[in-house]
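Each remark here refers to the structure printed beneath this line.
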Amino acid sequence: MFFGSLATLLAAFLTMKSKNIFVAAFWPVIWNAIIIGTMLHVLIEVPLLATGLYVGLGEAGACYIVGVPLMKILEKRAILSVPEIK
């Protein structure tokens, strides 16, 4: 729980500071790939690079294939207003 929460906290803070939606979506991808990938490497002894890439690709799919289009739809319909992310 600690490492997952740490990855989320770092990603959320940097996402909040980002001005561009594509840059904002990058932070969860990179922090989860690094922190969760390393955690899995240590706990279940799998290759670090492969695990980091696998976690990063999954997170990229969630953020860029689902998250960014969903944010655009919500902003367009005025359901969600996020003035600093365009």
Side-chain angles (χ1 to χ4, degrees):
M1 284 189 294
F2 175 77
F3 291 108
S5 297
L6 176 63
T8 301
L9 178 66
L10 290 169
F13 177 75
L14 292 169
T15 297
M16 181 183 68
K17 296 292 183 184
S18 298
K19 303 288 185 206
N20 181 294
I21 194 166
F22 294 99
V23 173
F26 170 76
W27 297 117
V29 174
I30 196 69
W31 283 113
N32 279 292
I34 292 169
I35 294 174
I36 303 304
T38 302
M39 183 188 73
L40 291 172
H41 167 69
V42 170
L43 291 177
I44 59 176
E45 298 177 2
V46 292
L48 177 60
L49 183 60
T51 306
L53 288 173
Y54 188 76
V55 171
L57 285 173
E59 192 72 26
C63 289
Y64 287 103
I65 295 172
V66 177
V68 170
L70 181 61
M71 285 292 294
K72 294 286 189 182
I73 291 168
L74 293 174
E75 288 176 343
K76 184 178 180 180
R77 295 184 181 186
I79 295 171
L80 179 67
S81 177
V82 184
E84 63 269 9
I85 298 179
K86 296 291 178 194

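On a predicted model such as this, the values are computed, not experimentally measured, just so you know. Position 1 is the first residue of the sequence, and the numbers go up from there.
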For [X] and [Y], work out which heavy atoms get closest and say how close.
| X | Y | result |
| --- | --- | --- |
| Tyr64 | Phe22 | OH-O, 2.6 Å |
| Val68 | Ala25 | CG2-CB, 3.8 Å |
| Ala11 | Pro28 | CB-CA, 3.5 Å |
| Leu48 | His41 | N-ND1, 3.4 Å |
| Met71 | Ile21 | CB-CD1, 3.5 Å |
| Ile35 | Leu10 | CD1-CD1, 3.9 Å |

Do [X] and [Y] sit in the same hydrophobic cluster, where Ile, Leu, Val, Met, Phe, Trp and Tyr count as joined when their side-chain heavy atoms come under 4.5 Å apart?
| X | Y | result |
| --- | --- | --- |
| Leu40 | Leu57 | no |
| Ile30 | Leu6 | yes |
| Leu9 | Phe26 | no |
| Phe2 | Ile44 | yes |

Would Lys19 and Val23 satisfy side-chain contact (heavy atoms from CB on, under 4.5 Å), going step by step from the backbone distance to the final call? CA-CA 8 Å; Lys19 303 288 185 206; Val23 173; over 6 Å; no
Is Thr15 reaching over with its side chain to a backbone N or O of Ala24, donor-acceptor style, under 3.5 angstrom?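 Flag set: sc Thr15 to bb Ala24 pair under 3.5 Å.
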Hey, could you give me the [atom1]/[atom2] distance between [X] and [Y], rounded to the nearest 0.5 Å?
| X | Y | atom1 | atom2 | result |
| --- | --- | --- | --- | --- |
| Leu43 | Ile36 | CG | CD1 | 10.0 Å |
| Cys63 | Trp27 | SG | CH2 | 13.0 Å |
| Glu75 | Leu70 | CD | CG | 10.0 Å |
| Phe3 | Ile34 | CZ | CD1 | 14.0 Å |
| Trp31 | Thr8 | CH2 | OG1 | 12.5 Å |

